[in-house]
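The structure appears right after this line, and notes come after that.
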Number of protein chains: 2
Amino acid sequence: MKSRRFDLERFLPYLVNRVAVSLVGAFGPMLAASDVTLQEWRVLAALRQGGAMRVSDIASVTSIDISTLSRTLNAMERKGLVVRHRPKGGDARVVIVEATEHGGAVTETLVPEAQKLQTTALAGFSAEEESALKAMLVRVFANVAAQGKRNGGDAAPARAPRSPPTLASDRG
Amino acid sequence: MKSRRFDLERFLPYLVNRVAVSLVGAFGPMLAASDVTLQEWRVLAALRQGGAMRVSDIASVTSIDISTLSRTLNAMERKGLVVRHRPKGGDARVVIVEATEHGGAVTETLVPEAQKLQTTALAGFSAEEESALKAMLVRVFANVAAQGKRNGGDAAPARAPRSPPTLASDRG
DNA sequence: GGCATATATTTGCATTTACAAATATTGTGA
DNA sequence: TCACAATATTTGTAAATGCAAATATATGCC
């Protein structure tokens with residue numbers, strides 16, 4: 001006896017995944033035109049927002065696995081998009097990642113494309129709807145992250161035992 | 001001069017990706033407990049919803065690339081979750097995929113877990129908020145898919161030149 | 001100060017993924 | 001009915017992914 005309370009079209013993870021995949025598909029061509037992969041774009045966007053950041057903070061902001069991110073940063077260094085260095089005075093376990101001038105320039109060419117994509121995605125939305133949607137997505141993320149933290153302790157998305165990365169320039 | 005109109009925390013693809021990744025991370029353990037991968041679960045859920053389906057329709061419903069899906073189906077057949085067969089009388093290019101009894105049983109054990117996850121994700125949401133969120137995600141998907149179709153013609157997410165798969169039992 | 005433990009990043013490795021090419025079958029027009 | 005284009009699926013292959021182990025550094029305790 002199937003519980004008919006389960007309808008894919010009303011199942012949040014399904015709806016979210018579908019939107020995520022479609023957005024990636026739509027942005028792919030613009031990224032390709034700039035010779036930037038999706039993950040690289042995410043890193044660039046994070047750095048634009050937060051300034052120079054440590055590797056683990058970029059991982060947590062971008063939702064990229066930290067080992068994948070390490071390799072992505074290799075590629076980005078090769079392309080001259082970012083540089084890595086140890087902090088001058090502080091904790092030498094840490095690696096600071098910073099966008100180069102070129103990386104910043106590439107980011108600035110992509111940002112308008114990203115905004116265009118968002119505009120497309122939100123066609124027909126009132127300003128109120130748009131902010132309601134975004135606010136709800138923030139709440140959903142918080143709910144799921146909190147749940148993850150309560151359970152596995154580390155199977156969770158928010159891998160920050162320090163402090164949630166500010167996303168406000170905290171370089172130094 | 002950075003256009004300060006671009007804020008990650010208000011950028012829809014960022015918010016959506018973050019939620020998608022967190023949901024996957026939260027569901028992972030339950031899938032592992034049933035020895036089912038994420039993609040396999042998506043296929044099972046699609047079949048539960050739509051009954052026996054052709055490969056390409058499963059791909060479009062699940063947002064799984066069709067070549068990846070083909071291999072996923074191999075694994076699922078090996079595990080006894082689904083069977084593939086050519087349709088009796090119809091178009092012999094097509095392959096019909098059907099859940100086995102075992103596949104159906106596994107699905108039914110996962111569905112309540114999936115519902116629990118959704119409940120967690122939507123904690124604190126009123127019924128109205130919940131349906132508003134889902135309805136907006138449907139609209140966003142439609143917007144992006146329409147845009148994709150208009151452009152690349154095939155770089156689009158909705159790969160269905162036939163007819164949008166019903167998601168309502170259309171087997172036969 | 002020195003050793004055990006904790007934190008940060010990278011690397012090893014097997015699996016997964018997606019693009020493109022190959023294969024199989026159908027539909028169409030001469 | 002014979003080529004030829006269209007559709008559906010699978011397979012070849014190189015790159016991306018994520019887990020776990022390895023490495024590097026830091027911190028706390030005695």
Side-chain angles (χ1 to χ4, degrees), chain A residues 17 20-21 24-25 28-29 31-32 35-43 53-60 62-78 82 84-97 152-157 159-163 165, chain B residues 17 20-21 24-25 28-29 31-32 35-43 53-60 62-78 82 84-97 152-157 159-163 165:
Chain A
N17 179 63
V21 172
V24 166
L31 292 172
D35 190 35
V36 168
T37 70
L38 178 65
Q39 309 290 49
E40 290 170 2
W41 153 247
R42 286 177 173 148
V43 172
M53 297 168 82
R54 45 165 75 181
V55 174
S56 52
D57 284 345
I58 298 177
S60 114
T62 59
S63 305
I64 301 173
D65 179 88
I66 195 150
S67 70
T68 300
L69 176 58
S70 179
R71 284 179 249 253
T72 300
L73 292 172
N74 290 342
M76 294 180 79
E77 271 193 326
R78 266 182 263 120
V82 300
R84 278 190 273 208
H85 60 82
R86 304 270 174 187
K88 311 290 173 183
D91 187 332
R93 290 170 302 182
V94 161
V95 170
I96 300 297
V97 181
D154 201 42
R159 193 192 263 274
R162 259 176 329 102
S163 63
Chain B
N17 179 63
V21 172
V24 166
L31 292 172
D35 189 36
V36 168
T37 69
L38 178 64
Q39 309 290 50
E40 288 169 4
W41 153 247
R42 286 177 173 149
V43 172
M53 297 169 82
R54 47 164 74 181
V55 174
S56 53
D57 284 347
I58 300 177
S60 115
T62 59
S63 305
I64 301 173
D65 179 89
I66 196 149
S67 71
T68 300
L69 176 58
S70 179
R71 284 178 247 253
T72 300
L73 292 172
N74 290 342
M76 294 179 78
E77 270 194 325
R78 267 183 262 120
V82 300
R84 279 189 273 207
H85 59 83
R86 304 271 173 185
K88 312 289 171 182
D91 187 333
R93 292 170 300 182
V94 161
V95 170
I96 301 297
V97 181
D154 200 41
R159 192 192 264 274
R162 257 178 328 104
S163 63

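Every chain is numbered from 1, with letters handed out A, B, ... down the list of sequences.
Residue A:Arg54 contributes atom CZ, which lies 12 Å from atom C1' of D:dT25 at whole-angstrom precision. If you measure from atom CG of A:Asp35 to atom C1' of D:dA15, you get 14 Å, rounded to the nearest angstrom. Rounded to whole Å, atom P of C:dT9 lies 14 Å from atom CD1 of A:Ile64. Separating the CG atom of B:Asp65 from the P atom of D:dT17 is a distance of 14 Å, rounded to the nearest angstrom. A straight line from CD1 of A:Ile66 to C1' of D:dA16 spans 17 Å, rounded to a whole angstrom. Atom-to-atom, CG of A:Asp57 to C1' of C:dT7 comes out at 13 Å; the value is rounded to the nearest Å. When rounded to the nearest whole Å, the span between CG of B:Asn74 and C1' of C:dT16 equals 14 Å. Residue B:Leu73 contributes atom CG, which lies 10 Å from atom P of D:dT9 at whole-angstrom precision.
The shortest heavy-atom contact between A:Leu73 and A:Val43 is CD2-CG1, 4.1 Å. Minimum heavy-atom separation, B:Val36 to B:Trp41: CG1-N, 3.5 Å.
The nucleotide whose nearest atom lies closest to any side-chain atom of B:Arg71 is, among D:dG12, D:dT9, C:dT9, D:dG12. Of the candidate nucleotides D:dA26, C:dT9, D:dT10, D:dT10 has the atom lying nearest to any side-chain atom of B:Val95. Each of D:dT9, C:dA20, C:dT25 was ranked by its minimum atom distance to the side chain of B:Val94; first place goes to D:dT9.
Taken from CD1 in A:Ile66 to CZ in A:Arg71, the straight-line distance is 12.0 Å, to the nearest 0.5 Å.
For the pair B:Ser56 and D:dT9, the criterion of a side-chain N or O lying under 4.0 Å from OP1 or OP2 is met. Phosphate proximity of C:dT17 to B:Thr68: absent, as no side-chain N or O sits under 4.0 Å from OP1 or OP2.
Side-chain atoms of B:Glu40 never come within 3.5 Å of backbone atoms of B:Met76 as a donor-acceptor pair (strictly under, hydrogens ignored).
In terms of position along DNA chain D, the nucleotide closest to A:Gln39 lies nearer the 5' end than the nucleotide closest to the other residue of the pair A:Gln39 and A:Ala92.
Evaluated for a side-chain contact (heavy atoms from CB on, under 4.5 Å) with A:Ile58, the options A:Thr72, A:Leu69, A:Val82, A:Ile64 yield exactly one hit, A:Leu69.
Contacts of B:Arg84 with the nucleic acid, taken as non-hydrogen atoms under 4.0 Å apart, involve only primed sugar atoms and P, OP1 or OP2.
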